[in-house]
Amino acid sequence: MPSILPSRRGLLAGAAGIAGAALLSGCSDDGPPVADPEVPLERRMRETAVRESERLLERYDATSAAHPALAQRLVPLRASVAAHAAALAEGSPSSPPSRSASAASPVPSGGAAAAPPAPGAAPVPAEALTALADAERSLAEARTISLAGAPGELARMLASVAACGHVHAYLLTSTPGASS
């Protein structure tokens, strides 16, 4: 009677087939929603970056409204974030121009009524600057991570914007006028 034991190759091929089937059947509908395949990756990434920049602009506005003495210090940084949002929005053809991406009025003119207090506006000015710096740093790190999946030109733009975010974080936590 011939031997009916499988060969090593047969066992490995069978194990690989079972593992592949297990991976494919392990998918379920309980996971996070899948991105719309009709929307190109670059457009989705740009729209996300614009939304994140707009949230950062809201934090700048809330901090300026809560601490008017800091407003002048925040004007150039906020204008830079607004310019980033506008540049990121330019590459997304269906994106309407954002009202907060405009650098025309970097400081809310109506004071606290123009921008409701955001969670990032700490009651003490130094803490507010630190919270804003942390927001800049977190966003810069997230953009740096997203570079791996970004198409060429968008990756270059995200890298530049992330670098600016790190500079903003440094400027927000440094003492104005101090030499380093």
Side-chain angles (χ1 to χ4, degrees), residues 39-178:
V39 180
L41 172 67
E42 181 174 0
R43 180 173 160 202
R44 288 191 314 261
M45 292 182 81
R46 280 183 180 274
E47 289 171 354
T48 299
V50 169
R51 278 192 307 272
E52 292 168 343
S53 291
E54 288 173 346
R55 281 194 294 268
L56 188 58
L57 285 171
E58 291 170 2
R59 292 187 74 142
Y60 271 96
D61 292 341
T63 302
S64 293
H67 305 286
L70 296 176
Q72 195 61 31
R73 181 176 177 183
L74 299 178
V75 166
L77 301 177
R78 188 208 181 275
S80 179
V81 173
H84 297 156
L88 287 163
E90 282 178 16
S92 187
S94 66
S95 298
S98 169
R99 62 164 177 78
S100 59
S102 165
S105 77
V107 179
S109 58
V124 178
E127 291 174 5
L129 288 175
T130 301
L132 203 49
D134 289 344
E136 283 273 15
R137 196 174 296 110
S138 295
L139 184 54
E141 289 170 3
R143 286 184 170 153
T144 301
I145 291 168
S146 71
L147 289 174
E153 187 60 34
L154 179 59
R156 285 187 283 281
M157 186 178 296
L158 288 173
S160 295
V161 172
C164 287
H166 284 293
V167 171
H168 289 181
Y170 171 77
L171 292 172
L172 287 165
T173 56
S174 65
T175 306

Below 4.5 Å, heavy atoms only, C-beta onward: do Leu74 and His67 meet side chain to side chain? no
So Arg143 and Ser53, side-chain hydrogen bond (donor to acceptor under 3.5 Å, both in side chains) or not? Walk me through it. CA-CA 11 Å; Arg143 286 184 170 153; Ser53 291; 2.7 Å; yes
State the CG-CG distance between Leu77 and Leu57, to the nearest 0.5 angstrom. 11.5 Å
Point-to-point distance, once rounded to the nearest 0.5 Å, from SG of Cys164 to CG of Leu139: 11.5 Å
Euclidean distance, Leu147 CG relative to Met157 CE, rounded to 0.5 Å: 12.5 Å
Start with the C-alpha distance between Tyr60 and Glu136, add both sets of side-chain angles, then the distance that settles side-chain hydrogen bond (donor to acceptor under 3.5 Å, both in side chains), and finish with yes or no. CA-CA 10 Å; Tyr60 271 96; Glu136 283 273 15; 2.6 Å; yes
Before you tell me yes or no, could you show the steps for Leu158 and Leu88 under side chain to side chain contact (heavy atoms under 4.5 Å, CB included), namely the whole-Å CA-CA distance, both residues' side-chain angles and the distance that decides it to 0.1 Å? CA-CA 9 Å; Leu158 288 173; Leu88 287 163; 4.2 Å; yes
Do Glu47 and Arg44 sit within salt-bridge range, that is, some charged N less than 4.0 Å from a carboxylate O? no
Evaluate the criterion side chain to side chain contact (heavy atoms under 4.5 Å, CB included) for residue pair Met45 and Ser146; output intermediate values, then yes/no. CA-CA 9 Å; Met45 292 182 81; Ser146 71; 4.1 Å; yes
Quick test of your reading of the model: are Glu42 and Arg46 salt-bridged, counting only N-O distances below 4.0 Å? yes
Got a second to check how far Ile145's CD1 is from Glu141's CD, nearest 0.5 Å? 7.0 Å
CG of Leu172 to CG of Leu132: how many Å apart, nearest 0.5 Å? 5.0 Å
Nearest 0.5 Å please: distance from the CZ atom of Arg78 over to the CG atom of Asp61. 4.0 Å
Sidechain-backbone polar pair: Ser138 side chain, Ala135 backbone, donor-acceptor under 3.5 Å: no
